[in-house]
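The block underneath contains the structure these notes are about, expressed in structure tokens.
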Amino acid sequence: MSVAASAHASTALRRSAEVAARAGAAVAMQGFRAPGLVAHEKTDHHDLVTVYDRGSEEAIREVLLDRHPDSAVLGEEYGLVGDEDARLVWHVDPIDGTAAYATGLAMWCVCIGAELDGRIVAGVVFDPVADQMFAADADGATLNGDQRLDAAGRGTPARATVFSHFPWPRDLVWAPDAAMEQFRRVTEEYGTVRSIGSGALAMCAIAAGWADAVLNLGANSWDVAASAFILRQAGGEYTAYRSGERVDPERDHHCGNYVATVRDARFDTLHELVRFQSGRDAALG
């Protein structure tokens, strides 16, 4: 495939993802802040799902498979639907931040990443409450189609704003004392440390230069495929670790232990934390 053809395909896939994200968001918005919304536990009480997660994914899948019938959809709620050998695979999180969504907090989004021949080539993260469409293709990353995203921020720890999804209870199963010491170091060294409901929105905030870093452990491909691509296309950096080693950037959307930052950041403590904690992959099997 030529460079021009590749860029054209990337743009077409980004457009399809935008259409699908809006279709999924329309379903999700029907339940947002609705009286009596019920959230059910999946793996435990930290991992929730609603009927709107499933309905949103169904709507997204319908759009994507209608526009690209030879593709497959890998979604959080239904797993892989379609040909497992398809060249084009969509990584879909219909509601990233269900816990926030279920309580009425506007900290959730719809995520769709397009993987073509093993590489992410397009992605969108749509925040329907704020009506903000973060998107990227071969031409770069934008907000709402016309504002170029530029991951320029504060690369000095003392001035940096960090979104941390650590430590969760699952992070305290292996080496809990080390985890608490690492969290202490992060809160002391970095200017502001916060947790928000959506890792994807956090990564897009970094792509826009509104924040400086996010770290996470144990995310899935549908959590990071779109947002990591958007960040990289905005000039930011996404680094994933498995068993203490950095993962090949071509395939690191399949590894959810990551540090994402604005460009030219020297956030060694964050990398040390995630590199160390990724060792639990081997230790816990």
Side-chain angles (χ1 to χ4, degrees), residues 43 74 76 80 84 89 91 93 96 111 113-121 123 136 151 153 155-157 160 162-190 193 195 199-200 202-204 206-207 211-285:
T43 57
L74 178 60
E76 179 175 13
L80 185 70
E84 64 180 12
V89 179
H91 297 261
D93 193 342
D96 184 56
C111 307
E115 178 184 349
L116 182 63
D117 295 331
R119 297 177 59 250
I120 301 298
V121 297
T156 303
V162 177
F163 293 132
S164 172
H165 297 271
F166 173 89
W168 277 30
R170 66 191 181 200
D171 302 325
L172 301 175
V173 174
W174 180 70
D177 292 340
M180 295 310 298
E181 171 60 19
Q182 289 167 333
F183 183 66
R184 182 194 65 78
R185 285 186 60 194
V186 171
T187 56
E188 285 185 351
E189 291 181 21
Y190 291 81
V193 180
S195 177
M203 212 164 335
C204 287
I206 298 163
D212 306 297
V214 59
L215 64 93
N216 206 346
L217 295 163
N220 296 289
S221 67
W222 49 76
D223 298 312
V224 302
S227 53
F229 183 74
I230 291 168
L231 175 64
R232 281 173 164 157
Q233 291 300 89
E237 299 176 13
Y238 177 89
T239 308
Y241 296 95
R242 180 182 290 115
S243 301
E245 300 294 332
R246 183 172 180 177
V247 179
D248 180 356
E250 290 287 326
R251 304 292 295 166
D252 60 10
H253 57 285
H254 291 290
C255 177
N257 309 313
Y258 67 82
V259 179
T261 73
V262 293
R263 64 173 170 271
D264 300 326
R266 294 296 302 273
F267 297 157
D268 294 341
T269 297
L270 303 186
H271 285 273
E272 290 170 10
L273 187 161
V274 175
R275 183 185 294 109
F276 174 84
Q277 289 294 332
S278 75
R280 70 187 187 190
D281 296 345
L284 299 178

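All values reported here derive from a predicted model rather than from experimental measurement.
- Without hydrogens or angle criteria, Asn257 side chain to Ala240 main chain gives no donor-acceptor distance under 3.5 Å.
- No side-chain heavy atom of Tyr258 sits under 4.5 Å from any side-chain heavy atom of Asp252.
- Each of Asn216, Leu215, Leu217 was scored for a side-chain contact (heavy atoms from CB on, under 4.5 Å) with His165, with one residue passing: Asn216.
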Just do the salt bridge (Lys or Arg N to Asp or Glu O under 4.0 Å) check on Glu188 and Arg185 with the steps written out, would you? CA-CA 5 Å; Glu188 285 185 351; Arg185 285 186 60 194; over 6 Å; no
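- Taken to the nearest 0.5 Å, the CD1 atom of Ile120 stands 4.0 Å off from the NE2 atom of His253.
- Atom CD of Glu272 has more than 12 heavy atoms from other residues, nucleotides or ligands within 6.0 Å.
- Within the 4.5 Å cutoff, the side chain of Leu74 has heavy atoms near those of the Ser221 side chain.
- Side-chain contact between His271 and Arg246 is absent, with no heavy-atom pair separated by less than 4.5 Å.
- Rounded to the nearest 0.5 angstrom, Asp212 CG and Tyr190 OH are separated by 10.5 Å.
- Nearest approach of Ala219 to Val224, heavy atoms of both residues: CB-CG1, 4.0 Å.
- Within the 3.5 Å criterion, the main-chain N or O of Ala200 finds a donor-acceptor partner in the side chain of Asp96.
- Taking every heavy atom of both residues into account, Cys255 and Tyr238 meet most closely at O-OH, 3.4 Å.
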Let's go through Asp171 and Arg280 carefully: what are the C-alpha distance in whole Å and the side-chain angles of both, what is the deciding distance for salt bridge (Lys or Arg N to Asp or Glu O under 4.0 Å) to 0.1 Å, and is it a yes or a no? CA-CA 9 Å; Asp171 302 325; Arg280 70 187 187 190; 2.7 Å; yes
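- Residues passing the side-chain contact (heavy atoms from CB on, under 4.5 Å) test with Ala265, sequence neighbours excluded: Thr261, Val262, Phe267.
- Remark: the backbone N or O of Trp222 is not paired with any side-chain donor or acceptor of Asn220 at under 3.5 angstrom.
- Shortest non-hydrogen contact noted between Arg275 and Gly244 is CG-O, 3.2 Å.
- Of all heavy-atom pairs spanning Met203 and Ser227, the tightest one is CE-OG, 3.3 Å.
- Closest approach of Arg263 and Ala234 over heavy atoms only: NH1-O, 3.8 Å.
- Between Ala225 and His91, the closest heavy-atom pair is CB-CB, 3.8 Å.
- Atom CD of Glu76 and atom SG of Cys111 lie 9.5 Å apart (nearest 0.5 Å).
- Within 6.0 Å of the CZ atom in Arg119, the count of heavy atoms belonging to other residues, nucleotides or ligands does not exceed 12.
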Under the side chain to side chain contact (heavy atoms under 4.5 Å, CB included) rule, what do Ser278 and Arg242 come out as? Steps first, then yes or no, please. CA-CA 5 Å; Ser278 75; Arg242 180 182 290 115; 5.6 Å; no
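- Within the structure, the salt bridge (charged side-chain N to carboxylate O under 4.0 Å, His left out) test picks out no pair touching residues 213-230 (sequence neighbours left out).
- For the atom pair CZ (Phe183) and CG (Leu172), the distance works out to 10.5 Å, reported to the nearest 0.5 Å.
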